[in-house]
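Remember, it's 1-based here, ligands and their atoms both numbered in the order they're listed.
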Amino acid sequence: MTTSTNISQIKSLFQLQKNHAPRLNKSSADERISKMKAIKSYISDPSNEKRLVDAIHSDLRRPVVEVLVGEVVTVLQEIDFVSKNLKHWLKPKKVSTPLTLAGSSSYIYYESKGSSLVISPWNYPFQLAITPLIYSIAAGNTTILKPSEYSVATSDFLQEMLDHLFDDSEVKVVQGGVEESQALLGCPFDHMYFTGSTHVGKIVMKAAAEHLSSVTLELGGKSPCIVDETADIKSSVNSIAWGKFFNTGQTCIAPDYLLIHESKYNAFTDQLKSTIERRFNPSGKGIIHSEDLGRIISERHYVRAKSLLSDAIEKGATVIYGGDHADEERYVSPTLLTSVNDSMRVMNEEIFSPILPIIPYSNIGDIIKQTSRLPKPLALYIFSKHKNNIEEYLKNTTAGGTVINDTLIHYGNHNLPFGGVNHSGIGKSHGQYGLYAFMNERAVMHQHLGTTKMLHQPYDEKTLKTVRLMSKF
Ligand code: NAD
């Protein structure tokens with residue numbers, strides 16, 4: 001479809017899916033599993049996997065290992081996990097009934113919401129489009145998927161794959177940018193699942209309010225990383241360098257800035273510099289030649305990353321490592337910044353590039369002051385060997401998710417809910433949390449004995465006594 005036909009066809013596509021939704025609602029778990037398995041077979045085919053790896057390389061120059069870890073393996077595992085558990089998760093669950101309502105039984109039925117919209121970002125352009133689609137299919141909904149206009153090669157791959165596997169009435173990709181997104185947001189979907197920036201998340205929520213569509217908002221923010229006086233320097237440097245520079249810092253849960261105990265500052269920064277050299281510059285020819293560091297997605301995002309750095313330097317920050325860039329290939333080197341302060345953009349906006357501000361602290365009060373100054377983050381990392389310290393940091397901070405002594409890995413556990421809090425997101429995904437985001441948990445009570453007739457009108461002394469008795473249970 002061309003862009004202009006996209007806009008003009010959006011309403012009729014929405015209606016086509018809306019009409020089809022009741023049929024999907026009645027589909028069995030086995031039918032839904034076979035659809036998810038079709039996606040799995042498609043991407044497991046070596047030639048398709050290669051096309052996907054090439055597409056993401058063309059969009060982000062992402063190393064193959066990072067494509068496999070961040071896009072392919074994650075999706076295959078999610079399909080397996082949801083397929084394995086779906087029958088159990090869809091089964092109505094009996095819950096207990098209070099004594100005051102004795103004689104009846106209570107259940108939660110899981111029913112499809114109906115029609116859903118998924119809007120996805122460019123940073124994990126395949127995985128963040130397909131994972132919510134899996135939940136939507138598992139839940140028995142129709143889906144329109146709007147991938148990012150920045151990761152064009154991957155969006156083309158998505159469109160080709162889903163056109164091949166699904167009828168338009170069930171799953172359809174609509175490509176485009178803001179105009180297409182706005183047209184889609186104008187349709188009264190039953191559920192809107194958005195992954196992207198906090199700024200656009202607010203636009204989505206406003207649009208959803210017009211239709212009272214339910215929303216899942218998977219947003220971003222500034223995820224702090226705490227390294228305390230008891231932390232093991234070598235292993236914390238290893239994990240932080242991996243989490244920060246994976247996908248060139250363009251990860252929603254990447255450590256955004258570091259709070260390090262002042263006693264560890266020198267040892268940590270020395271070790272981090274040598275780790276970056278060892279990983280990305282083993283030949284000594286320069287990090288720009290490393291195949292293991294990707295590029296910034298677009299000119300707009302590249303200019304923004306450079307301006308974050310120049311703003312910090314103008315306001316007094318010191319570059320203790322890196323600070324290099326190359327316009328012709330949107331290259332930004334791993335960069336370590338110190339002497340940062342709250343007036344700088346790097347300490348207020350999500351950095352989303354391989355720039356790491358490092359802030360020494362002396363006590364937990366400094367950590368609380370810094371983390372509570374900013375909106376609630378998507379992730380918060382703690383590096384410490386001291387159990388009581390860890391509990392104190394957990395008690396005094398908040399985040400969508402936390403990893404102790406590593407980075408990013410909570411994303412890989414489907415048993416944990418994934419998502420943010422307020423500014424970093426609303427609603428959760430992964431495994432059954434993702435599935436139920438696309439379902440209505442319907443409360444069903446079945447009256448067997450009719451005991452509530454004691455409460456019916458006309459009210460008399462006996463009714464009053466019954467009510468007083470009920471309040472005792
Ligand atoms: P973005 O908000 O700019 O765009 C996301 C999607 O929204 C795209 O498909 C885009 O076309 C659409 N969009 C953009 N402007 C719009 C508008 N005015 N109206 C309607 N739709 C609009 O985000 P991005 O730059 O693609 O992604 C980066 C952001 O996403 C970061 O903030 C990152 O933290 C966040 N993110 C969050 C998660 C998570 O799971 N919580 C995962 C990945 C990325």
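- Of the polar atoms of Glu149, at least one N or O is found under 3.5 Å from an N or O of ligand 1, judged by distance alone.
- Those atoms of ligand 1 with a heavy atom of Ser181 less than 4.0 angstrom away are 12 (C), 20 (C), 21 (N), 22 (C).
- Proximity to Phe418 (heavy-atom distance under 4.0 Å) selects the following atoms of ligand 1: 40 (O).
- Numbered from 1 in the order shown, with element, the atoms of ligand 1 that lie under 4.0 Å from a heavy atom of Phe194 read 2 (O), 5 (C), 6 (C), 7 (O).
- Without hydrogens or angle criteria, Glu180 side chain to Gly177 main chain gives a donor-acceptor distance under 3.5 Å.
- Of all atoms in ligand 1, listed by their number and element, those nearer than 4.0 Å to a heavy atom of Trp122 are 24 (P), 25 (O), 26 (O), 27 (O).
- One option in Gly425, Gly176, Ser197 has a heavy atom closer to atom 1 (P) of ligand 1 than any other, and that option is Ser197.
- Checked for salt-bridge contact, Asp54 and Lys50 meet the test: a charged N lies under 4.0 Å from a carboxylate O.
- Within the 6.0 Å centre-distance limit, the rings of Tyr150 and His301 are counted as a close aromatic pair.
- Looking only at heavy atoms of the protein, atom 41 (N) of ligand 1 is closest to Leu219 O, 2.7 Å.
- Of the N and O atoms on the side chains of Asn238 and Arg279, at least one donor lies less than 3.5 Å from an acceptor on the other residue.
- A salt bridge links Asp80 with Lys40: the closest approach of a Lys/Arg side-chain nitrogen to an acidic carboxylate oxygen falls below 4.0 angstrom.
- Ranked by closest heavy atom to atom 31 (C) of ligand 1, the top entry among Glu218, Lys146, Glu350 is Glu350.
- Within the listing of ligand 1, atoms 28 (C), 31 (C), 33 (C), 34 (O) sit less than 4.0 angstrom from a heavy atom of Phe352.
- The protein heavy-atom contact nearest to atom 19 (N) of ligand 1 is Gln182 NE2, 3.1 Å.
- In summary, the side chains of Tyr302 and Glu329 do not present any donor paired with an acceptor at a separation below 3.5 Å, with no hydrogens or angles considered.
- Of the listed residues (Leu378, Thr195, Val178), the one carrying the non-hydrogen atom nearest atom 5 (C) of ligand 1 is Thr195.
- In this structure, atom 16 (C) of ligand 1 lies nearest to the protein heavy atom Val200 CG1, 3.5 Å.
- Every atom of ligand 1 is numbered from 1 in the order shown, and the set under 4.0 Å from a heavy atom of Asn123 is 43 (C), 44 (C).
- Here Lys222 does not pair with Glu350 in a salt bridge; the nearest charged N to carboxylate O distance is not below 4.0 Å.
- With hydrogens and angles disregarded, no donor-acceptor distance shorter than 3.5 Å links the side chain of Ser136 to the backbone of Thr143.
- Close approach of ligand 1 to Ile203 is summarised as follows: ligand atoms under 4.0 Å from at least one heavy atom of the residue are 18 (N), 19 (N).
- Between Trp89 and Phe81, the ring planes are perpendicular. Angles over 60° get that label, and only those under 30° would be called parallel.
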task = I would like to know whether Gln432 and Tyr110 meet side-chain hydrogen bond (donor to acceptor under 3.5 Å, both in side chains); could you show each step before the answer?
result = CA-CA 11 Å; Gln432 62 179 314; Tyr110 298 94; over 6 Å; no

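- Under 4.0 Å is where a charged nitrogen must lie from a carboxylate oxygen, and between Lys35 and Glu170 at least one such pair does.
- Neither the backbone nor the side chain of Thr251 comes within 4.0 Å of ligand 1, counting heavy atoms alone.
- Which parts of ligand 1 touch Ser120 is read off a 4.0 Å heavy-atom cut-off, strictly below it: atoms 6 (C), 8 (C), 9 (O).
- Atom 27 (O) of ligand 1 lies below 4.0 Å from at least one non-hydrogen atom of the protein.
- Inclusion of Gly177 in the set of residues having an N or O under 3.5 Å from an N or O of ligand 1 is not warranted.
- Scanning all protein heavy atoms for the shortest distance to atom 35 (C) of ligand 1 gives Gly196 O, 3.2 Å.
- Cation-pi geometry between Arg62 and Tyr124 is met: the NZ or CZ atom falls under 6.0 Å from the ring centre, inside 45° of the normal.
- By heavy-atom distance, the residue among Ala129, Gly220, Cys252 lying nearest atom 36 (N) of ligand 1 is Cys252.
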